[in-house]
Amino acid sequence: MSTAPDNAVRAYIDVHRAAFLADLAEWLRIPSVSADPANAADVRRSAEWLVAKLKETGFPTAEIWETGAGNGAPAVFAEWPSGEEDAPTVLVYGHHDVQPAAREDGWHTDPFEPTTIDGRLYARGAADDKGQVFFHTLGVRAHLAATGRTAPAVNLKLIVEGEEESGSPNFPALIAAHADRLACDAVIVSDTGMWSEDTPTVCTGMRGLAECQIDLYGPDQDIHSGSFGGAVPNPATEAARLAAALHDEDRRVTIPGFYDGVVELTDQERELIAELPFDEKRWLRAAHSHGTLGEAGYSTLERVWARPTAEVNGIGGGYQGPGGKTIVPSSARLKLSFRLVAGQDADRVQESVRDWVAARLPEGGGIRHEITFTGSTRPCLTPLDHPALQSVVRAMTKAFGQKIRFTREGGSGPAADLQDVLGAPVLFLGISVPSDGWHAPNEKVELDLLMKGVETAAHLWGDLAATARTGAGA
């Protein structure tokens, strides 16, 4: 039998909790900061540590994958076959690199000396993402112990990258090069979180991202606004006009074709979002903002999770110093970003932006422009009724003992790359909560929630296997 009894799973976790946390603390002591070349050896040491620990866990295959032709940070791949012909294949994604951290940043403890206070483990990477990667090691062992199996109920694979905190520059090429070994029926992303400690949730999607810089050029140099102003085009004015024209009076993006293919929220999804205990005043404090504003007809959460956006990230040109300088500036610059939702194609959006800018600028050649896009991330969305998503929900329900609700993520990440290359649904399994302070001083993980992640993983593999065989699940 592949489905693990609840009490057997919890008993195994309780017995092995202390050793698990000691191992995690050892890993957290490695300052695997991918953004700093001075820590390159530490990032490699982190990968080597994980390979050794995965082999110790029982994975027959655990190896380092080089990236960027050997110039990037190493990733870790592991595989543990089920041994059963009809077993589904599941790939777990996470990352072992961390954000920079130093005591003088405002940490109360050494960020690379894990410290437990009141049931919370403080360390850089405790939640983002070493803790959430590592809970799978105890989870699979609890799954085996509770079911009496010698191998997981699924063909279990892991891909743990070492550059996520640096923008995953080599990750798309890595998964494309190893697509055959990464092939799977479902992807589990354990680099995410929940609504709160009291409201466990499953994330069902992430927005994509496209970014560009628009450089506008007018006169060959700054010129006198009295002698020439009003008779020649001003690139700073045109930058402001572009920014102002980006939205209509309902805050909808005006770029023709921008909304093509957008998957609209269903009534059920809107109801589920409305069920969440959302405190808008508290949210505004976290946003350091004094009011909400966005596309008409949508709630705040709907706007940040399920609607595409266009944002002016920066605008500038001409004189910025003290006092006045009466010129027509020679150049101006506009930086834009677009958050994309399911159904939108990043390449089409880029093309639409290029056409829109060209059409908005004055005719006659007085303004030249260049648009530079800096890559893109595709959106991903798993339907609420997807069988694999329901397996995650059932496993979390067993672990948490309460109703599991649903969220989306307004940000973007490499999950869509996995979905695009591997053609498999992406599911999110994370136990971190907003107070964990990702990227901030005093990052921590709630130890009881970390154990709930372990427990969820222990139940998940059997449920996914049953779902694959019956189409209904355990």
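Computation of the quantities below employed the complete heavy-atom set of this structure, encompassing side-chain atoms and omitting hydrogens, waters and symmetry-equivalent molecules. Here the structure is a predicted model, which means the values were calculated and not measured.
- A donor-acceptor pair under 3.5 Å is formed between the side chain of His96 and the backbone N or O of Pro74.
- In this pair, Trp283 and Phe278 present their aromatic rings perpendicular. The plane angle is above 60°, beyond the 30 to 60° band.
- Side chains of Asp97 and Ser32: no donor on one and acceptor on the other come within 3.5 Å.
- For the pair Arg307 and Tyr298, the cation sits on the ring face: its NZ or CZ lies under 6.0 Å from the ring centre, inside 45° of the axis.
- Taking 4.5 Å as the limit, every side-chain heavy atom of Glu163 sits out of range of all side-chain heavy atoms of Glu165.
- Under 3.5 Å, the side chains of Ser166 and Ser34 contain a donor-acceptor pair of N or O atoms.
- Here the two rings, on Phe406 and Phe428, have centers that are 6.0 Å apart or farther.
- Counting only N and O atoms by type, the side chains of Lys444 and Ser435 include a donor and acceptor under 3.5 Å apart.
- Residues Thr199 and Lys403 have side chains that never bring a donor and an acceptor to within less than 3.5 angstrom of each other.
- No side-chain donor-acceptor contact under 3.5 Å links Thr326 and His224.
- No side-chain donor from either of Trp305 and Glu409 sits under 3.5 Å from a side-chain acceptor of the other.
- When all heavy atoms of Gly318 and Ile327 are compared, the pair lying nearest together is CA-CD1, 4.4 Å.
- Side chains of Phe134 and Lys53 form a contact here, defined as non-hydrogen atoms less than 4.5 Å apart.
- Looking only at atom types and distance, the side chain of Gln132 has no donor-acceptor partner in the side chain of Ser432 under 3.5 Å away.
- For the pair Arg252 and Tyr259, the cation-pi criterion (under 6.0 Å, within 45° of the ring axis) is fulfilled.
- For CZ of Arg405, the number of neighbouring non-hydrogen atoms (other residues, nucleotides, ligands) closer than 6.0 Å is greater than 12.
- Asp417 and Gln419 share no donor-acceptor pair across their side chains, judged by distance under 3.5 Å alone.
- Looking at Asp128 and His439, their side chains do bring a donor and an acceptor atom within 3.5 Å of each other.
- For the pair Ile223/Val232, a side-chain contact is recorded, criterion being any heavy-atom separation below 4.5 Å from C-beta on.
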